[in-house]
Amino acid sequence: MNPAPVSRRARPAKAPLSRDVIIETGLRILDREGLVALTMRRVAQELDTGAASLYVYVANRDDLMAAMLDHVLGTLAEPTGGDWRERLGALIEAAVTAMSRHEGLALVALGAIPTGENALVLIDRMLALLAEGGVDERTNSWAVDLLFLHITAAAAEQSAYNTKGMRAEVHIAEVTERYAALPADRYPMIAAMREELTSGDGDSRAKWALRVLIEGILATRAT
């Protein structure tokens, strides 16, 4: 026997739709079920509505992903303490960590000029910190593009490790084994430097890369 239909009046009232509710729901699905599962239909299903209802608030899946990324960037706290280099480094590291927690979000930022409200706050903070370090306006303007590219690339790499459930140390061990097996006559430099090529942990390499970027910006005036 089929169960008796439940009257709509007897069902719990649905939360009203809004752009924020859709974004938060999209993030929950992304983190729980992965990037492939994140579709407009799946978000609508989670919200007990039709997919067409979502398009009042978001244009499409790409728009939703961009909004989710901007929402995540809105969780960044403004660094305090230390000099401008330390605060800039802390801000960049926080952005990388936040973006890498959610599969595929960092890729949204690659090849796109940041225009979301919270992305612009991040850009503005980086501009202010570089200006505090005495960087001229043109160099500063070009530098934030480079720093934002570094953030998105580093976050995409870390997100890939997270998605595969692989620690960077495990990957390094596999690379080390591969390098050790290479014929020295064909790859003389790799064979000679294989220990140094895989030296250091991910954190120390990331901090070094950031120092290179910041010191390079200071030393290379945009013309």
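One-based numbering along the sequence shown.
- Atom CD of E132 is separated from atom CH2 of W84 by 8.5 Å, given to the nearest 0.5 angstrom.
- E215 CD to L210 CG: the interatomic distance, rounded to the nearest 0.5 Å, is 10.0 Å.
- A donor-acceptor contact closer than 3.5 angstrom links the side chains of S204 and D201.
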Given side chain to side chain contact (heavy atoms under 4.5 Å, CB included), test W142 with T220 step by step and report yes or no. CA-CA 11 Å; W142 292 11; T220 313; over 6 Å; no
Please assess L64 against L54 for the test side chain to side chain contact (heavy atoms under 4.5 Å, CB included), listing each intermediate value before the final yes or no. CA-CA 10 Å; L64 174 58; L54 305 184; over 6 Å; no
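- The shortest heavy-atom contact between A94 and L76 is O-CD2, 3.5 Å.
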Pair E33-L38, side chain to side chain contact (heavy atoms under 4.5 Å, CB included): steps then yes or no: CA-CA 8 Å; E33 303 174 25; L38 181 66; over 6 Å; no
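- Looking at heavy atoms from C-beta onward, V121 lies out of side-chain contact with L73 at the 4.5 angstrom threshold.
- In terms of modelled atom types and a separation under 3.5 Å, the side chain of T139 and the main chain of A222 share a donor-acceptor contact.
- Annotation for N162 and S100: closest pair ND2-O, 3.2 Å, computed over non-hydrogen atoms.
- With hydrogens and angles ignored, the 3.5 Å screen pairs no side-chain donor or acceptor of R87 with any backbone N or O of P79.
- Using modelled atom types, no side-chain atom of S159 and backbone atom of A156 make a donor-acceptor pair closer than 3.5 Å.
- By the criterion of side-chain heavy atoms lying less than 4.5 angstrom apart, applied directly or through intervening Ile, Leu, Val, Met, Phe, Trp or Tyr residues, V96 is grouped together with L146 in one hydrophobic cluster.
- Rounding to the nearest 0.5 Å gives a distance of 12.5 Å between CG of L88 and CZ of R125.
- A salt bridge between R42 and E46 is present, with a side-chain N of the basic residue lying under 4.0 Å from a carboxylate O of the acidic one.
- Residues L127 and L91 fall within the same hydrophobic cluster, defined by Ile, Leu, Val, Met, Phe, Trp and Tyr side chains chained together at heavy-atom separations under 4.5 Å.
- Side chain of R205 to backbone of S199: a donor-acceptor contact under 3.5 angstrom is found.
- Surrounding CZ of R32 are more than 12 heavy atoms belonging to other residues, nucleotides or ligands, all under 6.0 Å away.
- Contact check for R19 versus V58: side-chain heavy atoms found under the 4.5 Å cut-off.
- Closest approach of V72 and M99 over heavy atoms only: CG1-N, 4.2 Å.
- R138 and S141 share no side-chain donor-acceptor pair at under 3.5 Å.
- V36 and I29 fall into different hydrophobic clusters, where Ile, Leu, Val, Met, Phe, Trp and Tyr residues are linked whenever their side-chain heavy atoms come under 4.5 Å apart, directly or through other members.
- Between L17 and S53, the shortest heavy-atom distance links the atoms CD1-CB, 3.8 Å.
- The backbone N or O of A119 sits less than 3.5 Å from a side-chain atom of D70, completing a donor-acceptor pair.
- Residues V21 and P16 come closest through the heavy atom pair CG2-O, 4.0 Å.
- The 12-atom threshold is not exceeded at CD of E137, counting heavy atoms of other residues, nucleotides or ligands nearer than 6.0 Å.
- Checking side-chain atoms of T75 against main-chain N and O of H71 turns up no donor-acceptor pair under 3.5 Å.
- Salt-bridge check for E93 with K207: passed, with a basic side-chain N closer than 4.0 Å to an acidic carboxylate O.
- Remark: the backbone N or O of D83 is paired with a side-chain donor or acceptor of E86 at under 3.5 angstrom.
- Looking at heavy atoms from C-beta onward, I22 lies out of side-chain contact with T25 at the 4.5 angstrom threshold.
- A distance of 11.0 Å separates CD in E78 from CG in L122, rounded to the nearest 0.5 Å.
- Under the 4.5 Å side-chain heavy-atom criterion for Ile, Leu, Val, Met, Phe, Trp and Tyr, F148 and M65 are members of the same hydrophobic cluster.
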Please report the C-alpha distance between R178 and T198 in whole Å, then the side-chain angles of each, then the deciding distance to 0.1 Å, and finally whether the side chain to side chain contact (heavy atoms under 4.5 Å, CB included) criterion is met. CA-CA 11 Å; R178 168 64 175 151; T198 56; over 6 Å; no
Start with the C-alpha distance between D31 and H102, add both sets of side-chain angles, then the distance that settles side-chain hydrogen bond (donor to acceptor under 3.5 Å, both in side chains), and finish with yes or no. CA-CA 6 Å; D31 293 343; H102 310 279; 2.8 Å; yes
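- Here the CG-CD1 distance, from L218 to I214, works out to 8.0 Å after rounding to the nearest 0.5 Å.
- Taking CG of L149 as the start and CG of L110 as the end, the distance is 7.0 Å to the nearest 0.5 Å.
- I113 and V108 fall into different hydrophobic clusters, where Ile, Leu, Val, Met, Phe, Trp and Tyr side chains are chained together by heavy-atom contacts under 4.5 Å.
- Within a 6.0 Å sphere centred on CD of E117, other residues, nucleotides and ligands contribute 12 heavy atoms or fewer.
- What you find for R61 and L35 is that their closest heavy atoms are NH2-O, 3.0 Å.
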